[in-house]
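All residue numbers refer to positions in the sequence shown, counting from 1.
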Amino acid sequence: MSQTERILFLDKKMQPPSRGVTALEAAEHFEVSTRQIKRDIEYLRNRFNAPVIYDKALRLYRYEEEFTDLKFANQGLILSYLSIQSFVKNKQYFPLFEDSVLDQIMNEVPRDYLDVSSKITYQLPTVENIRPEYFECICSSVRDRICLDVEYENVKGDRSRRLVETEQLINYSGAWYIVAFDRKNEAVRTFNVSRITSLSLSKEKFSQHGSEYEKELRDFLNSGFGIFHGKSSQIVKVEFTGEAARIVKTQTWHEKQVMEISENLPGQECLTLEFPAANFTELVGKILSFGKKARPLEPPELVDLWKEEILGMKKMFD
């Protein structure tokens, strides 16, 4: 049995008002030596500052007072195991994942909780395909600071050849993206990996850009909502009413968001969400997903894009 399982067993047995546990009792339960159990108890004392005392009369160990640091440890192990298990079942999330890693995590989950784990499921969104060889090549690019030679097809179907310096590999809502310095445009860009039609490592090393570039990269990555970034962001305001307001009230769209809740009409909740965004492409779709229960207020460019999309859909309906 793993040390984690022994630690959780000892923690449970030593909690007041339980009488405590002897080293022999724990050793026989796990079929290990009493010396090993005593080492586990010392680990609890030293690593977690657990209030362990030894009752010489009864020859058992117990807590001097309630100790809650490990209260949710079992649940934490289960959720960690389940989340990783759910991701790795789909090779598009972790194309190069080793199953042995999952086995090691499973060995840490106490036996009596394994049945519980089978009743908890993570439902993951639809994913976009990524070739394992692409994933390995991108990782090599980041590690060795070597440019990628990429043929890319944008959403309009236009193809172009790029030499890019890979800075970040990001999985966002089931799709893989790379953030890279595009030598063709001499700017940082976001590329959807599923739209890369060919990819290989070049012989070109990354350029030495200096501190100004590092600042540009940070600003790009922190520029606002969603995966599509830009050099600068604008503060956007979106209004939600009714059911949409109640849904958004429990969500985080951006770490710097500001939420204001009021009543639009008697009994009808209204919420205004304010946050930075550099690119409105994804945001318009997100707002439209709430139908007539959501509308952008600022800036004018976002409002115009939202209106254009609605008018375009109306023409299709007509």
- Query: Looking at Asp55 and Arg19, does any basic side-chain N land under 4.0 Å from a carboxylate oxygen?
  - Reply: no
- Query: Has Lys237 got more than 12 heavy atoms of other residues, nucleotides or ligands less than 6.0 Å from its NZ?
  - Reply: no
- Salt bridge Glu165-Arg145, side-chain N to carboxylate O under 4.0 Å: no
- Side chain proximity check, Val32 to Ile37, heavy atoms < 4.5 angstrom: yes
- Message: Tell me whether Glu64 at atom CD has more than 12 heavy atoms from other residues, nucleotides or ligands lying less than 6.0 Å away.
- Response: no
- Query: Would you call Ser202 and Ile146 a side-chain contact if the rule is heavy atoms closer than 4.5 Å?
  - Reply: yes
- Task: For a salt bridge (Lys or Arg N to Asp or Glu O under 4.0 Å) with Glu151, tell me which candidate from Arg159, Lys184, Arg162 qualifies.
- Result: Arg159
- Message: Between Glu274 and Lys256 (salt bridge meaning N to carboxylate O under 4.0 Å), is one present in this structure?
- Response: no
- Counting heavy atoms not belonging to Arg183, are there more than 12 under 6.0 Å from its CZ? yes
- Task: Answer yes or no: is there a side-chain heavy-atom contact under 4.5 Å between Leu271 and Glu239?
- Result: no
- Item | Closest non-hydrogen atom pair between Phe206 and Ser141, with its separation | CZ-O, 3.7 Å
- Item | salt_bridge(Glu42, Arg47) N-O dist < 4.0 Å | no
- Message: Please find the pair of heavy atoms, one from Cys139 and one from Leu169, that lie closest to each other, and give the distance.
- Response: SG-CD2, 4.4 Å
- Arg195 with Glu153: basic N within carboxylate O range, under 4.0 Å: no
- Looking just at side-chain N and O atoms, do Tyr63 and Asp11 make a donor-acceptor pair shorter than 3.5 Å? yes
- Query: Looking at side-chain heavy atoms only, is the closest gap between Leu305 and Val303 below 4.5 Å?
  - Reply: no
- Task: If the plane angle is over 60° it's perpendicular, under 30° parallel, otherwise tilted; pick one for Phe135 and Trp176.
- Result: perpendicular
- Message: Looking only at side-chain N and O atoms, does Trp306 offer a donor or acceptor that is under 3.5 Å from a partner on Glu308?
- Response: no
- Note on the structure: Residues at least two apart in sequence or cross-chain that pass ring-ring contact (aromatic ring centres under 6.0 Å, His included) with Tyr61, listed by chain then number, are Tyr54
- Message: I'd like to know whether CZ of Arg161 has more than 12 heavy-atom contacts from other residues, nucleotides or ligands below 6.0 angstrom.
- Response: yes
- Message: Working to the nearest 0.5 angstrom, can you tell me the gap between Asp149 CG and Leu163 CG?
- Response: 6.0 Å
- Query: If we only count heavy atoms from C-beta on, is the Tyr43 to Ile7 side-chain gap below 4.5 Å?
  - Reply: yes
- salt bridge (charged side-chain N to carboxylate O under 4.0 Å, His left out) against Glu298, all qualifying residues, sequence neighbours excluded: none
- Within-4.5 Å side-chain heavy-atom neighbours: Leu148 and Cys137: yes
- Query: Heavy atoms, side chains only, cut-off 4.5 Å: are Val248 and Gln251 in contact?
  - Reply: yes
- Joint cluster assignment, Phe290 & Leu302, ILVMFWY side-chain distance < 4.5 Å: yes
- Note on the structure: Taken in chain and number order and not counting sequence neighbours, the residues that satisfy ring-ring contact (aromatic ring centres under 6.0 Å, His included) with Phe181 are His209, Tyr213
